[in-house]
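Here the structure comes first, spelled out in structure tokens, and everything after it is commentary.
Just so you know, ligand 1 is whichever comes first in the structure, and atom 1 is the first atom listed for that ligand.
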Amino acid sequence: MRKLLFLAGILLTGFSSQAQIEEIRRITETLCSPEFHGRGYVNKGDSIAADYLVSEFKALGCEPFKGDYLQHFAIDQVNTFPGKMSVLRNGVQLDPGIHYVVHPSSPGYQGKLDPAVLTGEQMFDQDAVTEALGGILEGTSGKNALALRLFDLSADSLKELRGITEVLSDFVPVIELVDEKFTWSVGRSQLKNLCLQVNEGGYEGGALVFTVDIEAELQKEYQSQNVMAYIPAQKKCKETIVFTAHYDHLGRMGTEAYFPGGNDNASGTAMLLTMAKYFQENPSEYNILFIAFAGEEAGLLGSKYFVENTPIKLKKIRFLLNLDIMGSGEEGITAVNATLFEEEYNLLNEINTELGLLAKVKRRGPTQNSDHYWFTEQGVPSFFIYTMGTNKNYHDIHDTYENLTFSEYEDITKLLVKFVDRLD
Ligand SMILES: [Zn+2]
């Protein structure tokens, strides 16, 4: 029975699975490759990705939207690490992204750091912090930085200490010693002093000296762009379905390490192209607009710009589907905004059950964590769809093409195509 349903699914949606998976692999591998520099703000990685997407949309026969494939916008400030990225600990070279990350808002630094080490207990003791800081600033302790032992602490203590690094870095360089996985992001300003997050590496006390050579550059008025592609409806139609996915990621942390952003969000970007191919071959009753947003990781900047300078009447959007983190799905998908758009959520769920596709379509309320947010604020009906499953690599150098399974990719595309098809 399942097999029959599966066959029916293929017939209904016109997807040929093998060819589709090969396409997805080709696109995600390209987006994740070193030549794209993590699709961020070093070496114009985001623009390289944008040009690539335009060429892919063109090859599929998609039209520009209102005369343009690109919507340009500027990011007022973004912090970058374009050059040297070297850290030695007690004379031993550490690997960027594996043994340490620099704080996204850190300035650069060249030289030796001989930190005064604060334990968890001392960090909660105002006098101990003042004394360590005073010793550095007055030059009496012979130290020139602070190291914070942020391991062996309870989750509550860590929560209370959140932000301490940024506060202390107003005065001296700060090194966090941690035992968690690194989760990087994009900085939009620069702190006064260097901040590093270093793996504790079994540190039990004693000598701790860092030799640092890190270049940082706060870029101003950085030029980026959203990518748009359009497929008009079969017969003239006033309403449009919008598929969105951000194509940007965190970029480079020095010349050696970059963040490929496989799951986040090469996977969703590739799915836009899959959808474009499908609707190009099977035109819908609706117009279909695809938007690949830039600047998501820097604070949903591309989508904010789009909504504030929209080339489409927002009222004419019948529904928007924002795809972010689509590379997993063994545990199903989540539909953000499900509580706002009950009818559409029920439809999505119904199709999923009928065709026997995903483990579940989880219902979730509104969130502010991806590009659908600005549209929701303006009353545009939308879902933000993300996958749930085994891939836990997030904002780290392990979120690679190689770590993507694509196990539910086909089922998700079938579900979304059918959803558009059955939408009134
Ligand atoms: Zn994302």
Side-chain angles (χ1 to χ4, degrees), residues 24 27-28 30-32 36-41 45-46 49-50 52-53 73 75 78 97 101 104 181-188 224-227 242-253 258-275 290-307 320-329 333-337 362 364 366-376 382-401 403-406 408-409 412 416:
I24 291 299
I27 297 160
T28 42
T30 305
L31 288 169
C32 294
F36 283 61
H37 308 291
R39 306 185 303 282
Y41 309 96
D46 61 340
Y52 170 70
L53 292 175
F73 67 96
I75 298 176
V78 63
V101 291
K181 102 168 189 69
F182 298 121
T183 303
W184 214 47
S185 60
V186 175
R188 297 278 310 285
S224 192
Q225 57 281 308
N226 298 321
V227 177
V242 182
F243 283 97
T244 68
H246 75 86
Y247 71 87
D248 66 297
H249 197 55
L250 310 177
R252 279 199 171 274
M253 195 180 81
Y258 77 103
F259 294 75
N263 202 8
D264 184 13
N265 187 28
S267 64
T269 308
M271 197 173 278
L272 282 193
L273 289 167
T274 308
M275 291 293 161
F290 300 94
I291 317 169
F293 287 121
E296 197 266 359
E297 303 290 6
L300 315 182
L301 300 180
S303 50
K304 182 169 194 276
Y305 184 87
F306 185 95
V307 168
L320 181 145
L321 292 159
N322 179 43
L323 313 173
D324 192 357
I325 305 191
M326 303 306 284
S328 199
I333 57 171
T334 296
V336 164
N337 279 351
K362 196 176 156 195
R364 190 171 169 189
T367 66
Q368 307 183 353
N369 55 354
S370 190
D371 291 313
H372 63 289
Y373 171 69
W374 307 111
F375 292 91
T376 309
S382 67
F383 287 148
F384 158 28
I385 308 269
Y386 62 89
T387 56
M388 301 176 293
T390 47
N391 190 344
K392 304 291 180 208
N393 306 303
Y394 179 74
H395 283 213
D396 55 41
I397 61 166
H398 308 293
D399 183 11
T400 59
Y401 162 73
N403 283 335
L404 289 171
T405 60
F406 303 100
E408 302 300 317
Y409 214 91
I412 298 168
L416 298 180

Report the residues that fulfil side-chain contact (heavy atoms from CB on, under 4.5 Å) with Y373, sequence neighbours left out, ordered by chain and then residue number.
-> L300, Q368, E377
Closest to the Zn ion (ligand 1), which N/O/S atom of D264 is it?
-> OD1
Measure centre to centre between the rings of Y247 and Y52, then say whether the value is under 6.0 Å.
-> no
Residues two or more places apart in sequence or in another chain: which of them pass salt bridge (charged side-chain N to carboxylate O under 4.0 Å, His left out) with K181?
-> D396
Does any N, O or S atom of D324, backbone or side chain, fall under 2.8 Å from the Zn ion (ligand 1)?
-> yes
Taking both backbone and side-chain atoms into account, decide whether H246 has an N/O/S atom under 2.8 Å from the Zn ion (ligand 1).
-> yes
CA sep, side-chain torsions, deciding dist, call: V242, I291, side chain to side chain contact (heavy atoms under 4.5 Å, CB included) = CA-CA 7 Å; V242 182; I291 317 169; 3.7 Å; yes
